[in-house]
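What follows is a short report on a single structure.
Every number for a ligand or one of its atoms is a count from 1 in the order of the listing.
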Amino acid sequence: MKKYNFSAGPSTLPEEVIQQAAQAVLDFNNNGTSLIEISHRSKDFIAIMDEARSLAKKLMKLDDHHEVLYLQGGASLQFTMIPYNLLKSKAAYIDSGNFASVAIKEAEKIGKIEVLASSKQDKYTYIPKGYTIPSDVDYLHITSNNTVYGTEIKTFPETDVPIVCDMSSDILSRSIDYNKFAISYAGAQKNLGPAGVTMVVVDKRYLGITGRNLPSYLDYEVHIAKESMANTPPVFAVYTTLLNLRWLEKQGGTEGIEKKNKVKAELLYNEIDRNPLFRGVCEKEDRSLMNVCFFLNDEEKYKAKFDQMWKDANIVGVGGYRTVGGYRASIYNAMPLEGVQALVNVMKELEKTA
Ligand code: PMP
């Protein structure tokens with residue numbers, strides 16, 4: 001029986017997407033070849049890439065200033081590409097979690113960085129707010145969802161400074177104004193598809209201003225000109241992402257999925273708050289719809305029992321991040337409500353038998 005997979009990424013994908021991807025690997029479009037052995041220059045694959053770009057644009061309601069790119073190197077390579085492409089004199093960063101802090105360290109290798117606010121001193125249990133954005137910075141870098149700590153930006157900063165946003169763990173999970181960002185980016189392996197491809201949404205108006213002679217692969221303008229085919233793209237990851245985007249469209253796009261994501265998150269947070277054996281980790285107003293972090297109040301007494309119970313309930317992947325401990329249930333778009341209900345049932349059962 002298929003398990004309920006709460007892993008933070010790579011993570012659960014819709015069953016129909018996995019079936020379709022598996023079929024395409026065996027025989028793509030009944031044409032006697034596998035998806036992973038056709039040329040990326042073939043008509044079939046060019047059509048896949050075109051649809052993957054245009055459907056992402058449609059789902060995010062992007063205007064014509066924005067281009068959707070499918071690149072490699074993970075979100076981690078974006079930590080470098082962003083300052084290479086945009087940083088001329090100084091950039092501002094918000095330190096809201098461990099990936100935000102890695103983004104800062106990488107950018108500091110390239111130019112001058114000002115960290116405007118940090119919640120590190122409070123173990124990243126909230127989203128920093130109320131900071132002033134200097135008008136002379138080239139861009140402001142934020143992280144919309146902090147995968148490890150389970151916090152999420154609900155209201156984005158209002159500023160004339162270009163905003164760059166790491167959306168690795170909540171892209172396309174909610175209806176927001178995606179045109180707001182100069183760059184937004186996400187490794188696919190959480191809400192988009194399998195590992196191996198990174199979606200980068202670029203507002204072309206902010207490119208070509210640093211005067212840097214960039215290595216070709218690190219230059220967004222090269223990828224825009226070559227329509228994400230500057231080198232061999234990861235064909236399987238792009239195709240499976242496209243299948244997932246088609247699935248998302250059938251869910252009613254970002255509006256439809258946001259409603260479902262809110263129901264799932266509320267069910268789980270309500271149980272964490274109600275059940276005396278558990279406690280949440282983060283400020284309630286900043287709680288993520290995607291990564292729900294919680295602790296047992298008495299680990300020594302209940303951990304072994306709880307762990308056995310969720311394993312018996314067909315659940316995997318709820319262990320907390322290695323440096324944080326406790327539990328983290330990642331409830332991305334593809335996690336069905338039944339999966340969340342199964343976890344909540346286990347929490348209730350633990351209380352009953354405690
Ligand atoms: N940013 C965030 C918010 C993440 O959660 C992750 C991965 N967990 C990364 C960046 C790094 O992504 P990748 O592994 O694709 O380089």
Side-chain angles (χ1 to χ4, degrees), residues 5-13 69-84 93-109 115 118-120 123-128 139-154 156 163-174 176 178 181 183-201 217-218 228 233-234 236-238 240-241 244 281-282 286-293 317-324 328-335:
N5 177 10
F6 288 88
S7 299
S11 48
T12 192
L13 284 169
L69 301 175
Y70 288 97
L71 306 180
Q72 298 183 65
S76 300
L77 184 60
Q78 296 310 306
F79 296 160
T80 301
M81 280 179 77
I82 287 157
Y84 261 152
Y93 278 66
I94 304 302
D95 179 22
S96 59
N98 75 321
F99 287 106
S101 80
V102 177
I104 292 166
K105 284 195 196 92
E106 292 300 313
E108 279 171 342
K109 295 176 187 170
V115 178
S118 172
S119 49
K120 187 174 184 179
K123 297 192 176 146
Y124 294 120
T125 47
Y126 60 89
I127 297 284
Y139 63 90
L140 167 72
H141 182 280
I142 56 176
T143 309
S144 53
N145 187 75
N146 298 284
T147 325
V148 171
Y149 299 93
T151 58
E152 190 173 35
I153 295 178
K154 307 291 173 190
F156 288 91
I163 303 177
V164 174
C165 188
D166 179 354
M167 293 196 179
S168 289
S169 44
D170 69 344
I171 194 162
L172 287 168
S173 68
R174 51 182 170 155
I176 55 174
Y178 289 90
F181 305 103
I183 295 184
S184 50
Y185 63 99
Q189 66 274 13
K190 298 166 199 305
N191 239 351
L192 289 174
V197 71
T198 310
M199 187 187 281
V200 185
V201 181
Y217 197 88
L218 303 185
S228 296
F236 177 78
V238 171
T240 308
T241 299
N244 198 40
V281 176
C282 307
D286 297 330
R287 280 174 162 179
S288 167
L289 289 186
M290 297 281 100
N291 308 99
V292 179
C293 296
V318 286
Y321 191 72
R322 56 189 187 277
T323 55
V324 179
R328 173 178 53 170
S330 296
I331 52 174
Y332 299 123
N333 290 353
M335 171 57 67

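Residues that satisfy the salt bridge (Lys or Arg N to Asp or Glu O under 4.0 Å) test with D95, not counting sequence neighbours, are absent from this structure.
With a 4.0 Å heavy-atom cut-off, ligand 1 is reached by no atom of Y321. When heavy-atom distances to ligand 1 are checked against a 4.0 Å cut-off, S168 comes that close only through its side chain, counted from C-beta outward.
Looking at atom 10 (C) of ligand 1, its nearest protein heavy atom turns out to be D166 OD2, 3.4 Å. Of the protein's non-hydrogen atoms, the one nearest atom 9 (C) of ligand 1 is F99 CD2, 3.5 Å. Scanning the protein for heavy atoms near atom 5 (O) of ligand 1, the closest one is T147 OG1, 2.4 Å. Of the protein's non-hydrogen atoms, A75 CB, 3.4 Å is the one closest to atom 12 (O) of ligand 1. Protein heavy atom at the shortest distance from atom 14 (O) of ligand 1 is Q189 NE2, 3.5 Å.
Atom-to-atom distance recorded for M290:CE and S169:OG is 8.5 Å, nearest 0.5 angstrom.
Note on ring orientation: taking the six-membered ring where Trp is involved, the planes of Y149 and Y124 are tilted (angle from 30° to 60°). Ring orientation note: the planes of Y93 and Y139 are nearly perpendicular, at an angle over 60° on the 30°/60° scale.
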Can you list, pair by pair, the side-chain donor-acceptor contacts under 3.5 Å of residues 98-107, counting residues two or more places apart and other chains?
from : atom 1 : to   : atom 2 : distance (Å)
S101 : OG     : N98  : O      : 2.9
E106 : OE1    : K109 : NZ     : 3.3
E106 : OE2    : K109 : NZ     : 3.0

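For the ligand labelled ligand 1, residue Q78 lies outside the 4.0 Å heavy-atom shell. Within the 4.0 Å heavy-atom cutoff, K190 counts among the residues contacting ligand 1. Ligand 1 has N145 within reach: a non-hydrogen atom of the residue lies less than 4.0 Å from it.
Put simply, the residue from D170, T12, N291 that forms a side-chain hydrogen bond (donor to acceptor under 3.5 Å, both in side chains) with Y332 is N291.
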